[in-house]
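All values below were derived from every heavy atom in this structure, side-chain atoms included, with hydrogens, water molecules and symmetry-related copies excluded.
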Amino acid sequence: MEQLSLIPPALRTTRPLHFPKILRERYNLLVPRQEDGLIVLAIFQKVRAGIIERAFPERIIVETIKQVYAELGQASARGEETQKYDETIHRLLRHFIDKNIEEKTYQLSTYAENFCDMLEREVHTAINPSQIQKTFNDLVMLLGLKLENLEDFRHWYHTQFFKHKADISAQLRALQAQIEDTVDQLNDLVKNEYDNFREMLIGCEALLDRIKEQADKLSSAFSSKDDIKQLLDDADLGVEFEFREMKRDVRMYFKDIEMRLINVSHTIDRIKPKINKLYNDFEKRDFDRKIESFLLYLMKNSTSKFYRTKKLKDRKVHEMEIFLPKNISQKEIYSDRSRVVGIDYFQLLEPPPIQLQNLSWDEADLARQAELRRQYLAREKRIEEWFNVISADLEKKKKINFSDYYFKIMYKDNDFEEAIKEATLVLKEFTKNPDYEVTVSEEFNLDPKHPHIGIWKMQIKSTAS
């Protein structure tokens with residue numbers, strides 16, 4: 001049977017062992033320098049906007065080079081400019097610009113157009129949960145029609161799954177980029193003093209709430225991936241090695257999506273308390289700033305006057321009369337001036353005494369819970385032991401009827417829940433294993449000792465050679 005590589009077609013080569021060497025030799029030409037990439041992108045935007053024709057003279061390239069180098073602060077001395085322009089054009093001619101020798105014009109290569117288009121889509125990707133929902137619906141609908149044979153599924157895998165995989169990942173990257181931008185804004189707020197600090201903080205919090213809402217919507221849109229998983233599990237192509245490899249790739253990708261969405265939610269949950277702390281710090285800082293300004297104003301604008309000298313037991317005290325600024329109202333609290341300077345220290349906000357709590361335990365309830373836990377563990381152990389027995393018998397006999405074991409469990413353990421869980425485990429494990437075939441028919445198997453309990457006839461057959 002023909003084996004198809006899981007590497008996307010665009011990355012395949014007829015001589016895969018030489019690919020790393022080719023990549024090393026041409027990497028710097030395929031991935032441009034910053035200035036070269038900006039030059040190509042600027043020309044691409046001018047062509048698309050109709051500012052220049054698709055085929056343009058060398059003068060356009062030189063003007064764009066000057067513009068980009070000036071914006072990057074890389075302007076050269078006049079004598080070096082011509083050589084720098086020639087070197088840049090020579091590099092771009094390798095992959096990004098095609099030259100028409102007869103007409104003496106240039107135009108962007110297809111590689112350059114794809115490169116610029118990819119950059120713009122990456123930067124300007126808008127998070128669109130409803131579009132993702134439609135994408136997944138299409139994937140589910142088309143997959144349902146492509147599971148009859150391996151060739152049809154291979155077509156779905158390469159033309160649909162790989163095609164939309166990039167769009168789905170771009171949505172998650174856009175979401176992560178928004179979070180990183182928000183974190184940068186918050187760090188900037190912490191490091192710098194802004195007059196509109198509170199307004200900017202409110203803006204960051206609103207943006208974070210918006211990101212959380214978008215993440216929840218994307219998570220809901222991705223729920224259709226479970227339908228894809230189910231279709232792949234139910235497909236009759238499980239005996240094909242290539243199908244299993246592609247199926248594994250699809251499931252791993254979906255698992256990666258789930259983890260990235262979980263990471264987004266965890267990041268937001270970590271940022272939220274820090275925003276609340278910034279609010280508290282800002283309010284405290286604003287209060288301290290006002291108190292400081294008030295005290296400085298008092299010190300600068302208050303006046304004093306000698307009042308009297310008072311003799312104490314071992315020293316003299318010169319009492320002064322303080323006059324607050326005229327625009328601040330003054331209320332006399334103490335009528336006896338001598339008591340103003342002799343206020344004793346007293347403790348403010350005495351902490352309340354710690355109340356010790358005596359916790360009482362319900363010994364009977366603890367014993368009941370412990371017994372339930374022991375029963376649960378014992379049942380799980382019996383289920384595992386019965387599964388091992390069924391697996392061993394199936395290996396030996398190649399074909400078994402599960403109802404026989406179902407009623408054996410009822411006879412020996414007298415545990416209806418255990419029998420049901422055993423049936424669920426057997427059905428789950430053997431249906432997903434391509435080496436076994438499970439057949440369930442709507443024919444009840446009954447037992448005289450349990451006339452009110454029946455189970456559909458379920459046969460398991462080993463297909464391994």
Determine the minimum heavy-atom distance between [X] and [Y], stating which atoms define it.
{"X": "F243", "Y": "L232", "result": "CZ-O, 3.8 Å"}
{"X": "C116", "Y": "V40", "result": "SG-CG1, 3.6 Å"}
{"X": "T64", "Y": "A42", "result": "CG2-CB, 3.6 Å"}
{"X": "E422", "Y": "I409", "result": "CG-CD1, 3.6 Å"}
{"X": "P57", "Y": "Y106", "result": "C-CD1, 4.1 Å"}
{"X": "V47", "Y": "R54", "result": "CG1-CA, 4.1 Å"}

Taking side-chain hydrogen bond (donor to acceptor under 3.5 Å, both in side chains) as the test, write out the residues that go with E384, two or more places apart.
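side-chain hydrogen bond (donor to acceptor under 3.5 Å, both in side chains) check on E384 returns nothing, list empty.
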Pair D435 + K461, salt bridge at N-O below 4.0 Å:
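No salt bridge links D435 with K461.
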Please determine if E245 and R248 form a salt bridge, counting it only when a charged side-chain N lies under 4.0 Å from a carboxylate O.
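Yes, this pair counts.
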Six-ring centre of Y405, K408 cation under 6.0 angstrom, axis tolerance 45°:
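The answer is yes, since K408 meets both limits relative to Y405.
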Run D234 and Q230 through side-chain hydrogen bond (donor to acceptor under 3.5 Å, both in side chains) and show every step you take.
CA-CA 6 Å; D234 296 341; Q230 190 63 50; 3.1 Å; yes
Find out whether [X] and [Y] are in side-chain contact, i.e. whether some heavy atom of one side chain is under 4.5 Å from a heavy atom of the other.
{"X": "F254", "Y": "D226", "value": "no"}
{"X": "D415", "Y": "R379", "value": "yes"}
{"X": "I97", "Y": "Y111", "value": "no"}

Looking at residues at least two apart in the chain, or sitting in another chain, which of them share a salt bridge (charged side-chain N to carboxylate O under 4.0 Å, His left out) with [X]?
{"X": "D413", "result": "R382"}
{"X": "K229", "result": "E258"}
{"X": "R244", "result": "none"}

Any luck finding a side-chain donor-acceptor pair between E63 and Q67 under 3.5 Å?
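Q67 and E63 do not have a side-chain donor-acceptor pair below 3.5 Å.
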Is it true that S462 and K397 share a donor-acceptor pair across their side chains at a distance under 3.5 Å?
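Judged by distance alone, the side chains do not pair up.
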Tell me if a side-chain donor or acceptor on [X] pairs with a main-chain N or O of [Y] at a distance below 3.5 Å.
{"X": "S109", "Y": "H95", "value": "yes"}
{"X": "N401", "Y": "D404", "value": "no"}
{"X": "W156", "Y": "L139", "value": "yes"}
{"X": "N433", "Y": "E429", "value": "no"}

List for me each residue that meets ring-ring contact (aromatic ring centres under 6.0 Å, His included) alongside Y406, sequence neighbours excluded, and say none if there are none.
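By the ring-ring contact (aromatic ring centres under 6.0 Å, His included) rule, Y406 matches no residue at all.
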For F430, enumerate each residue passing the ring-ring contact (aromatic ring centres under 6.0 Å, His included) test, keeping only those at least two apart in sequence or located in another chain.
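Result, ring-ring contact (aromatic ring centres under 6.0 Å, His included) vs F430: F387, Y436.
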Ring centres of F115 and F44 under 6.0 Å apart?
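That pair fails the under 6.0 Å test.
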Please check if the number of heavy atoms outside E87 that lie under 6.0 Å from its CD is greater than 12.
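Yes.
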Determine whether L150 and E242 satisfy the following criterion, side chain to side chain contact (heavy atoms under 4.5 Å, CB included), listing intermediate values before the conclusion.
CA-CA 8 Å; L150 183 60; E242 184 181 347; 3.7 Å; yes
side-chain contact (heavy atoms from CB on, under 4.5 Å) partner of I43, the single match among L92, I52, V68, L38:
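In the set L92, I52, V68, L38, the residue that makes a side-chain contact (heavy atoms from CB on, under 4.5 Å) with I43 is I52.
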Could you walk me through whether D393 and K399 satisfy the salt bridge (Lys or Arg N to Asp or Glu O under 4.0 Å) test, starting with their C-alpha distance in whole Å, then the side-chain angles of each, then the deciding distance to 0.1 Å, before giving a yes or no?
CA-CA 8 Å; D393 288 351; K399 183 178 181 180; over 6 Å; no
